[in-house]
Structure formats: C-alpha cells, structure tokens
2 protein chains.
Amino acid sequence: MTKEDWKKYSDVDGECAVRNVLDRLGDKWSMLVIIVLGVEGTLRFNKLHQVIGDISQKMLTVTLKSLEADGLVSRTVYPEIPPRVEYALTERGASLLPHMEGLAEWAATHMEGIYASREKYIGS
Amino acid sequence: MTKEDWKKYSDVDGECAVRNVLDRLGDKWSMLVIIVLGVEGTLRFNKLHQVIGDISQKMLTVTLKSLEADGLVSRTVYPEIPPRVEYALTERGASLLPHMEGLAEWAATHMEGIYASREKYIGS
DNA sequence: AAAATTACTTACTTCTACGTAACAAGCTGA
DNA sequence: TCAGCTTGTTACGTAGAAGTAAGTAATTTT
C-alpha cells in the first residue's frame with residue numbers, strides 16, 4: 001500500500017468509504033459478535049447472548065441488525081413456536097475473520113507492554 | 001487460534017485484556033493517526049493536523065496522548081520558540097500497521113458489496 | 001389458568017465521545 | 001507595542017451510543 005493509496009483515507013470532503021465501513025465495526029460489540037460466530041459457528045439468539053455474557057439484549061439485536069444490513073451475518077428464521085432464529089457468518093463476514101484474529105493476536109502479544117506503558121505514563 | 005483461545009474474549013468478569021486494548025483503537029481517530037504516521041513518517045503537530053484535515057485540535061491532542069500513553073507513538077519536544085514537537089510511531093506502533101493495512105484493504109475490497117447490501121436491507 | 005419459552009421491541013435514562021471557541025505561554029519580527 | 005507563531009489547555013454544550021426494565025406474541029407445559 002503506497003503513500004498515494006493512503007491519501008484517500010483522510011476524507012477532507014467527508015466521503016471516505018473505508019472509514020465509513022470501518023466505523024461500523026468500531027462500535028462496542030460488532031467485532032466480538034463476528035469473532036464468536038466465527039469460532040462457535042451458527043448460533044441462536046439466546047445462545048449468542050449467553051456466550052458473550054455482558055451484552056444487553058437490545059445491543060445484541062441492534063448489532064446483529066447492523067451486521068446483517070452489511071451482509072456480514074445471515075439471519076434464518078424457523079417459523080416454529082417458540083421461535084427459532086439462527087445467526088451465522090456469511091462468506092463476506094468470514095473473510096473478515098483473519099483480520100480480526102490478527103488484531104486480537106497483536107493485542108494479546110502487546111497487552112502486557114501496553115499496560116506497563118499506561119502505568120508509567122503521567123498525563124499532564 | 002483455537003476455540004479455547006477465543007473463550008477468554010467474552011469477559012463475563014469485566015476483565016478482558018484484548019478488549020481493553022482494542023477499545024482504545026476503536027475510537028474515531030486513533031487508527032487514522034497511526035496510519036498517517038506510518039505513511040508519512042515523523043510529523044509535527046500542525047502538519048499532522050493539516051494532513052488529516054477534519055480532526056479538531058482538541059481531539060488530535062487527546063488521541064495523541066492516548067497513543068503515547070500506550071507506547072504506540074513517541075513525542076519529542078524541542079525546546080525552541082516557537083515550540084516544536086515531533087510525533088512518530090514507536091516500534092510497537094509500527095507493528096500494528098500491517099494489521100490496519102489488512103483491515104483497510106478488506107474494507108476497500110468489500111465496500112461496494114456492503115453499500116449494495118445496505119441499500120437492499122429493509123430494517124424493521 | 002397460570003407460567004414458561006424465545007426472540008425481540010419500546011420507552012426512558014445515563015454516559016461519554018466529540019466539537020467549538022476562547023484562552024495561554026513566551027519569544028520574534030514589524 | 002503589538003500582532004503572530006506553535007502547541008497546546010479549559011470550559012461548555014450536544015448528539016448519539018449504550019444500559020435498564022418492562023412489554024409482546026403464540027404456543028406448550030404444569
């Protein structure tokens with residue numbers, strides 16, 4: 001990726017597609033949902049809720065909707081009573097997994113040093 | 001990365017180091033600042049401000065401080081008048097660059113399909 | 001007839017990230 | 001003497017992100 005390629009990521013005109021796409025993944029839960037679906041495979045709503053643990057029901061639905069809108073997660077409804085809805089990564093969502101794994105591995109590798117830095121740092 | 005490895009990323013007890021580290025990078029400006037410093041090399045405050053274009057002065061200082069606290073960016077003050085302060089990536093910050101490039105390339109590749117998905121999607 | 005199940009929705013409140021604009025320090029050149 | 005340069009800080013306000021808790025629908029179980 002060259003210097004020229006990167007120029008376009010600072011959107012002076014407010015129209016940077018890359019930033020627009022990544023902003024959605026930068027919220028509190030999207031990455032985690034993708035990772036969990038990637039690791040566990042297809043999951044129902046309540047199971048997802050239980051695996052993540054500390055997400056509220058509302059934020060789980062909101063996050064899933066946004067991921068579904070972007071075509072990263074598929075939603076399959078089985079018209080039974082009580083209802084059954086299964087969530088899974090789409091191909092596009094799965095293609096994102098390696099990058100998230102890369103980031104997470106980086107974080108796991110460096111977190112000790114980062115914590116040490118934070119403690120030493122005296123903000124003005 | 002195995003299933004067991006990922007288990008720890010859902011922090012039921014509120015203590016997930018990976019999430020703690022990545023949360024700082026998920027804000028509006030951190031990734032962009034790292035990318036710009038990675039591409040352009042060492043930069044002074046005002047130059048950084050000008051290259052990014054649409055960041056406020058306050059958010060640039062806040063973002064830089066947080067990156068400095070985490071040891072991702074170095075800050076060098078030259079005691080001159082008017083002052084000169086240079087920012088650059090540390091080794092740790094530079095080690096993050098490939099992952100960001102990976103993400104950005106993924107976004108550039110998929111943004112067209114994602115935009116199409118968003119338009120087709122009818123949220124309830 | 002009451003309670004449980006599943007997958008949500010809605011209303012309300014709280015929190016925090018971010019933006020704007022003014023001010024500050026300390027020397028320099030007009 | 002006074003505006004101007006660079007790198008910030010401070011006070012203040014707001015929009016949107018996120019949390020809480022209750023409600024809903026349709027059916028089976030007790």
Side-chain angles (χ1 to χ4, degrees), chain A residues 10-12 14 16 19-20 22-33 36-37 42-70 73-88 121-124, chain B residues 10-12 14 16 19-20 22-33 36-37 42-70 73-88 121-124:
Chain A
S10 52
D11 60 338
V12 183
C16 174
R19 276 168 72 178
N20 193 309
L22 291 184
D23 277 354
R24 301 272 278 244
L25 300 175
D27 66 6
K28 194 170 177 182
W29 299 110
S30 291
M31 262 191 69
L32 189 55
V33 167
V36 168
L37 285 179
T42 301
L43 284 182
R44 301 178 60 178
F45 184 88
N46 274 358
K47 181 66 177 172
L48 204 42
H49 192 192
Q50 167 204 324
V51 169
I52 295 182
D54 58 345
I55 191 175
S56 73
Q57 221 173 24
K58 176 193 158 189
M59 287 315 297
L60 183 53
T61 56
V62 167
T63 303
L64 285 169
K65 253 185 204 168
S66 135
L67 293 175
E68 194 200 350
D70 281 8
V73 160
S74 67
R75 180 175 182 273
T76 313
V77 183
Y78 297 88
E80 312 167 353
I81 300 290
R84 180 158 62 101
V85 181
E86 291 188 344
Y87 293 92
Y121 184 81
I122 317 286
S124 68
Chain B
S10 52
D11 59 338
V12 184
C16 174
R19 277 169 71 180
N20 194 309
L22 291 185
D23 276 355
R24 301 274 278 243
L25 300 175
D27 66 6
K28 194 169 176 185
W29 300 111
S30 291
M31 263 191 66
L32 190 55
V33 167
V36 168
L37 285 179
T42 301
L43 286 181
R44 299 178 62 177
F45 183 88
N46 274 358
K47 180 68 178 170
L48 203 43
H49 193 191
Q50 168 204 323
V51 170
I52 295 182
D54 58 345
I55 192 174
S56 72
Q57 210 173 35
K58 174 192 160 189
M59 287 314 298
L60 183 53
T61 56
V62 167
T63 303
L64 285 170
K65 253 185 204 169
S66 135
L67 292 176
E68 193 199 352
D70 282 6
V73 160
S74 67
R75 179 174 183 275
T76 312
V77 183
Y78 297 88
E80 313 167 351
I81 299 289
R84 181 160 58 105
V85 182
E86 291 188 342
Y87 294 93
Y121 183 80
I122 317 287
S124 66

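A note on names: the letters A, B, ... follow the listed sequences, proteins ahead of strands, and every chain is numbered from 1.
- At whole-Å resolution of the value, CD in B/Glu80 and P in D/dT7 are 10 Å apart.
- Residue B/Arg44 has no polar side-chain atom (N or O) positioned under 4.0 Å from OP1 or OP2 of D/dT6.
- Mapped onto DNA chain C by nearest heavy atom, B/Thr63 and A/Pro83 fall at different nucleotides, with A/Pro83 at the one closer to the 5' end.
- For A/Met59, the listed nucleotide lying nearest its side chain is D/dG19; candidates were D/dT6, C/dT20, D/dG19.
- Taking the side chain as every heavy atom from C-beta outward, B/Leu67 and B/Ser30 approach each other to under 4.5 Å.
- Using a 4.5 Å heavy-atom cutoff, the side chains of B/Val62 and B/Leu60 are not in contact.
- With rounding to whole Å, B/Leu43 atom CG is found 15 Å from D/dT6 atom P.
- Taking atom CG of residue B/Leu60 and atom C1' of nucleotide C/dA17, one finds them 16 Å apart after rounding to whole Å.
- Among the heavy atoms of the strands lying under 4.0 Å from A/Lys58 is at least one base atom, whether or not backbone atoms are also near.
- When distances are taken from the side chain of B/Thr61 to each of D/dA22, D/dG8, D/dT7, the shortest belongs to D/dG8.
- Here A/Tyr78 lies out of heavy-atom contact (under 4.0 Å) with every strand.
- Counting only heavy atoms from C-beta outward, the side chains of A/Leu48 and A/Leu64 approach each other to under 4.5 Å.
- Listed nucleotides D/dA26, C/dC18, C/dT6 differ in distance to A/Ile81; the shortest reach to its side chain belongs to D/dA26.
- Closest approach to the B/Asn46 side chain among C/dC8, C/dT20, D/dT6 is made by D/dT6 (side chain taken as heavy atoms from C-beta onward).
- The residue from A/Lys47, A/Arg75, A/Arg44 that alone fulfils the side-chain hydrogen bond (donor to acceptor under 3.5 Å, both in side chains) condition with A/Tyr87 is A/Arg75.
- For B/Val85, taking side-chain heavy atoms from C-beta onward, the closest of the listed nucleotides C/dT5, C/dT9, D/dG8 is D/dG8.
- Distance from the side chain of A/Gln57 is smallest to D/dA22 among D/dA22, C/dG19, D/dG8.
- A/Asp54 places its CG atom 13 Å from the P atom of D/dA18, with the value rounded to the nearest Å.
- Rounded to an integer number of Å, the gap from B/Ile55 CD1 to C/dT20 C1' is 14 Å.
- In this entry the distance linking CG of B/Asp27 with C1' of D/dG16 reads 16 Å, nearest Å.
- The interatomic distance linking A/Arg84 (CZ) with D/dA25 (C1') rounds to 19 Å, in whole Å.
- Remark on DNA chain D: of its neighbouring residues A/Pro82 and B/Arg75, the 5'-side contact belongs to B/Arg75, judged by nearest-heavy-atom nucleotide.
- One atom, NZ of A/Lys65, and another, C1' of D/dA17, lie 16 Å apart when rounded to the nearest Å.
- Contact check for B/Phe45 versus B/Thr61: side-chain heavy atoms found under the 4.5 Å cut-off.
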